[in-house]
Amino acid sequence: MQVAGKVAFVEGAGGGMGLAIAQALLARGAHVATADIKPASAEMTAADGMHLHLQGDLTDDSFVAAGIRSWTDRHGRLDYLVNTTGVLWFGRDKSCAEMDMEVWDRVMAINLKSFVLTIRHAVPAMQRAGGGAMVHFSSIDALRGDDRPQDAYGASKAAVIRLSKSVAIQFARQNIRSNVILPGPVHTPMQARWDEDAAAIDRLAQFVPLGRIGKVEDMVSACLFLLSDEASFITGTELVVDGGLTARP
Ligand SMILES: NC(=O)c1ccc[n+]([C@@H]2O[C@H](COP(=O)([O-])OP(=O)(O)OC[C@H]3O[C@@H](n4cnc5c(N)ncnc54)[C@H](O)[C@@H]3O)[C@@H](O)[C@H]2O)c1
């Protein structure tokens with residue numbers, strides 16, 4: 001998958017999947033800007049000029065606009081946008097019948113509005129480049145209900161799928177593709193509850209037909225494929241990367 005020389009923006013790259021995707025793009029010769037509310041990861045290493053980290057709140061339109069403008073002005077184009085920003089707030093995000101609506105609004109802002117903002121500001125730069133590719137991270141949680149509900153998370157992740165399809169149709173004639181990855185469980189900072197609980201991971205792995213939970217590398221390879229020209233006829237769709245979890249009865 002050839003990504004050398006491409007100009008990318010990876011949102012939510014302070015850790016987890018976003019960081020791994022940014023590192024993989026850099027290792028293959030892409031120019032990569034990362035953005036996160038956290039500072040740049042110490043694990044992020046890149047040749048001079050290949051990487052820029054922007055620290056700030058991706059629900060803030062002025063931060064997103066200025067960040068994408070500064071990176072695209074430097075390169076004159078944008079080829080790839082990757083949206084991985086997200087929060088899963090155990091305990092606070094629960095049934096819509098009982099949750100604090102301020103929590104609802106904040107989850108929607110982080111998990112959905114931040115994607116809208118990055119898309120809004122990325123599209124003009126991709127149009128100038130003659131096309132581009134976007135990958136947005138949803139979740140298998142978007143596909144079904146839950147008897148232990150996290151309704152803001154699930155609803156925001158379902159909305160990402162619909163948003164991406166609409167973006168795909170609107171900008172297809174300008175050669176801008178938009179696709180979604182639906183990960184199954186992956187041990188990242190979002191799932192820090194498993195850090196001291198290997199037994200919980202083992203129990204979960206038994207439910208996964210392929211017998212393990214996901215690795216960030218599984219998400220990296222799916223994302224690089226969807227960004228790359230190998231996926232040039234793929235837009236407006238979803239790729240489930242869950243080891244078969246949602247396929248089982
Ligand atoms: N880990 C899993 O099991 C899993 C499963 C399904 C879907 N996902 C989804 O995949 C994506 C990546 O998840 P991850 O596991 O790498 O999570 P993560 O927590 O490691 O990464 C998410 C990043 O978003 C950043 N962020 C949160 N709020 C922000 C804000 N307001 N402004 C800027 N940055 C902000 C965080 O600082 C963090 O670095 C998320 O959208 C998540 O919902 C994860």
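Indexing begins at 1, ligand by ligand and atom by atom, following the structure's order.
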Please list, one pair per line, the donor and acceptor atoms closer than 3.5 Å that link side chains of residues 7-15 to other protein atoms, with sequence neighbours excluded.
none

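Counting heavy atoms from C-beta on, the side chains of P185 and L204 come closer than 4.5 Å. Side chains of I234 and N179 form a contact here, defined as non-hydrogen atoms less than 4.5 Å apart. Put simply, the side chain of V186 does not reach to within 4.5 Å of the side chain of Q191, judged on heavy atoms.
A heavy-atom cutoff of 4.0 Å around ligand 1 is satisfied by the protein residues G12, G14, G15, G16, M17, D36, I37, K38, G56, D57, L58, T84, T85, G86, V87, R106, I110, F137, S138, S139, Y153, K157, P183, G184, P185, V186, T188, P189, M190, Q191.
Taking the six-membered ring where tryptophan is involved, the planes of W71 and H75 are perpendicular, since the angle between them exceeds 60° and thus also 30°.
Panel note: side chain R120, backbone D61; no donor-acceptor pair is recorded below 3.5 Å.
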